[in-house]
Number of protein chains: 2
Amino acid sequence: MSAPTPLPDVSNEPALTRLNRLAALDEAAQSELNASLRRRRSAQARREVVAEGEVITEPLLILRGWAARVRVLPDGRRQLINFLLPGDLIGLCRHPDPCTASTILAITDVQYCTAPRGAPDAPLGIAYAVSRAIEEAYLLSAITRLGRLNAQERLHDLFLEVLERMQLAGITSDNSIPMPLTQEVLADALGLTSVHVNRMIQLSRRQGHLVLAGGTLTITDPDALGSMIGRSPVRIWGGC
Amino acid sequence: MSAPTPLPDVSNEPALTRLNRLAALDEAAQSELNASLRRRRSAQARREVVAEGEVITEPLLILRGWAARVRVLPDGRRQLINFLLPGDLIGLCRHPDPCTASTILAITDVQYCTAPRGAPDAPLGIAYAVSRAIEEAYLLSAITRLGRLNAQERLHDLFLEVLERMQLAGITSDNSIPMPLTQEVLADALGLTSVHVNRMIQLSRRQGHLVLAGGTLTITDPDALGSMIGRSPVRIWGGC
DNA sequence: CGGAAATTTGAGATTGTTCAAATATGGTGG
DNA sequence: CCACCATATTTGAACAATCTCAAATTTCCG
């Protein structure tokens, strides 16, 4: 009954699931990825994965956990620019890159590996390109979030973004996701105070928008919540 | 004494100045650009250059005036995501691009043209890549600006960004720039109210940080102002 | 069971908003 | 050159959102 060796195990590696959805990976890509996956490194929570100004020699692929691109002001104020989830890439610099003055910080314990080189036209390269484009779209969303949404809306918008991204990576299929973020970390991402984040979470709980307990976040009705703030999911193949 | 015909006239086209500084353009690139430049189109202030969701078939190059990428919420709130100045490119999509749900709005009258194709390794393609990278760096800055700076700091930070970019395009060499933006437009870029923007401008005037009158902005001491908010100019060749 | 970290609560201080009106400013036609 | 209009800036005062600072509580982990 023993079947021939199947394709490399993609079943439970969110990073593979995600890349595979961005562009159908061929066998070459799969095996390169699997080779990389085996040489995984890890970073402890609160440690820097890539320090500010450090020259990234190779792009990295997040496998497990949450990291974030963070910028710190001289007086200590801190802004989390974006979260990096399994399947996200770091330092994919297409060309001479103005060395982005930002640090990559492990929010939880993080596992990552070197992202195998992908020729621009190979499936892997296409997946990378799509990934970059998606990342940029989320950056634009973050600007609108911080500029024009109020505290509660910001919270909802961020939670919806994370849900959407987790679903893409196959980490969840329903409306629940792991939520290891401290209210303080959330505050630094939302441009708010942790005290105020706390109050907004409680408000949203009372209103039945979400359930947040025991490290799990459930969003009652993502579509309804999204339409309240004019949020449309980031589309993967929008044309262009 | 008549010299041989010089290279195409780059002397007073900010877009050429900028691209030429991002990557030394060879004669081929110069002449392609000049050909494009001659077929310039224009858009009136307050008109859309590219409507939301519209498929961009060709990348565009801004030649004169100010445009902005803008996102509008269902209830009318508006966020200007970034400004597009002479030499900036629109719709440089490297690959399948999640059709960015944002509109390009002409803030002033704008002249633009089709950006000539640039092979990835040709000088033009390199200039485009650097341009993209710079744009992304400014997006990250915008997130920090909106998330962690207060009203007056946001104003200063934005003004410094624009000054920096205008200098790169050779539009100004001192610390003065044209400032055609309405306080209302500034407010939409800064995530503030036009009333509050007004008050912050007056405050900065009183403190001697800037002079703003007659459509011209002068920043008294850019370096000093920048260091007050931990702002470091975006570097063009940061390694990587 | 302890202790450190995270969440929650309260009350007052700030910052930024809202609404409305007053005052420039710039461009246009006469 | 002036009067006039539309648009942009400026001002005031009340209000709302968010922050700050401290002090409980609760939760998590060993």
Side-chain angles (χ1 to χ4, degrees), chain A residues 44-47 66 73 75-80 106-109 145-159 178-207 210-217 229, chain B residues 44-47 66 73 75-80 106-109 145-159 178-207 210-217 229:
Chain A
Q44 285 192 319
R46 296 156 187 277
R47 280 274 160 56
W66 296 49
L73 300 187
D75 65 354
R77 280 177 288 184
R78 199 170 73 145
Q79 176 68 39
L80 299 204
I107 301 294
T108 66
D109 288 347
R145 175 159 66 224
L146 293 170
R148 279 302 177 222
L149 299 190
N150 66 32
Q152 194 187 17
E153 293 171 326
R154 287 186 210 180
L155 183 72
H156 293 167
D157 190 59
L158 178 62
F159 280 170
M179 178 48 60
L181 302 182
T182 273
Q183 292 181 5
E184 179 123 20
V185 168
L186 275 173
D188 283 338
L190 295 173
L192 297 170
T193 284
S194 65
V195 171
H196 201 57
V197 166
N198 180 274
R199 288 177 170 134
M200 293 303 104
I201 290 177
Q202 292 177 59
L203 177 59
S204 293
R205 277 189 189 127
R206 261 180 274 132
Q207 297 177 336
L210 49 82
V211 179
L212 176 52
T216 296
L217 166 70
I229 50 178
Chain B
Q44 285 191 319
R46 295 156 187 281
R47 282 273 161 56
W66 296 50
L73 301 187
D75 65 354
R77 281 176 286 182
R78 200 170 70 145
Q79 176 68 40
L80 299 205
I107 301 294
T108 66
D109 289 347
R145 175 159 66 223
L146 293 169
R148 280 302 178 219
L149 299 190
N150 65 31
Q152 193 187 16
E153 293 170 327
R154 287 186 209 180
L155 184 71
H156 293 166
D157 190 57
L158 178 62
F159 280 171
M179 178 46 62
L181 302 182
T182 274
Q183 293 181 5
E184 179 123 22
V185 169
L186 276 173
D188 283 340
L190 296 174
L192 297 170
T193 285
S194 64
V195 171
H196 202 57
V197 166
N198 180 275
R199 290 179 170 134
M200 293 303 104
I201 290 179
Q202 292 177 58
L203 177 58
S204 293
R205 277 187 188 127
R206 261 180 274 130
Q207 297 177 334
L210 50 82
V211 179
L212 176 52
T216 296
L217 166 70
I229 50 180

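Note that the structure is predicted; figures quoted are calculated from it, not measured.
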Mind checking B:Arg77 for me? I need base, sugar-phosphate or nothing, with any heavy atom below 4.0 Å counting as a touch.
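Nothing, no nucleic acid heavy atom in range.
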So what does A:Gly191 touch, heavy atoms closer than 4.0 Å: a base, only the sugar-phosphate, or nothing?
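Contact class for A:Gly191: sugar-phosphate only.
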Can you give me the first and the last nucleotide of DNA chain D (5' to 3') that has an atom within less than 4.0 angstrom of a non-hydrogen atom in chain B?
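The contact span of chain B on DNA chain D goes from D:dA8 to D:dA13.
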A:His196 NE2 to C:dG16 P: how many Å, rounded?
14 Å
Can you find a pair of side-chain heavy atoms, one from B:Thr216 and one from B:Val211, that are under 4.5 Å apart?
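B:Thr216 vs B:Val211: side chains apart.
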Flag the pair A:Gln79 / A:Leu146 as yes when at least one side-chain heavy-atom distance between them is below 4.5 Å, and no otherwise.
yes
For the student: nearest non-hydrogen atoms of A:Thr108 and A:Trp66, plus distance
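For A:Thr108 versus A:Trp66, the nearest heavy atoms are OG1-N, 2.9 Å.
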Between A:Leu155 and A:Ser204, which heavy-atom pair has the shortest distance, and what is it?
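Heavy-atom minimum between the residues: CD2-OG, 4.3 Å.
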Give a yes or no on whether B:Glu184 atom CD has more than 12 heavy-atom contacts from other residues, nucleotides or ligands under 6.0 Å away.
no
For B:Arg47, look at atom CZ and say whether over 12 heavy atoms of other residues, nucleotides or ligands are found less than 6.0 Å away.
no
Scan nucleotides 7-14 of chain C nucleotide by nucleotide, 5' to 3', and note B when protein non-hydrogen atoms come under 4.0 Å of the base, S if they reach only the sugar-phosphate, - if neither.
SBBBB---
Contact list for residues 185-204 of chain B, test salt bridge (charged side-chain N to carboxylate O under 4.0 Å, His left out), sequence neighbours left out:
A:Arg148-B:Asp188, B:Arg78-B:Asp188
Drop me the distance from A:Arg154's CZ to A:Leu149's CG, to the nearest 0.5 angstrom.
7.5 Å
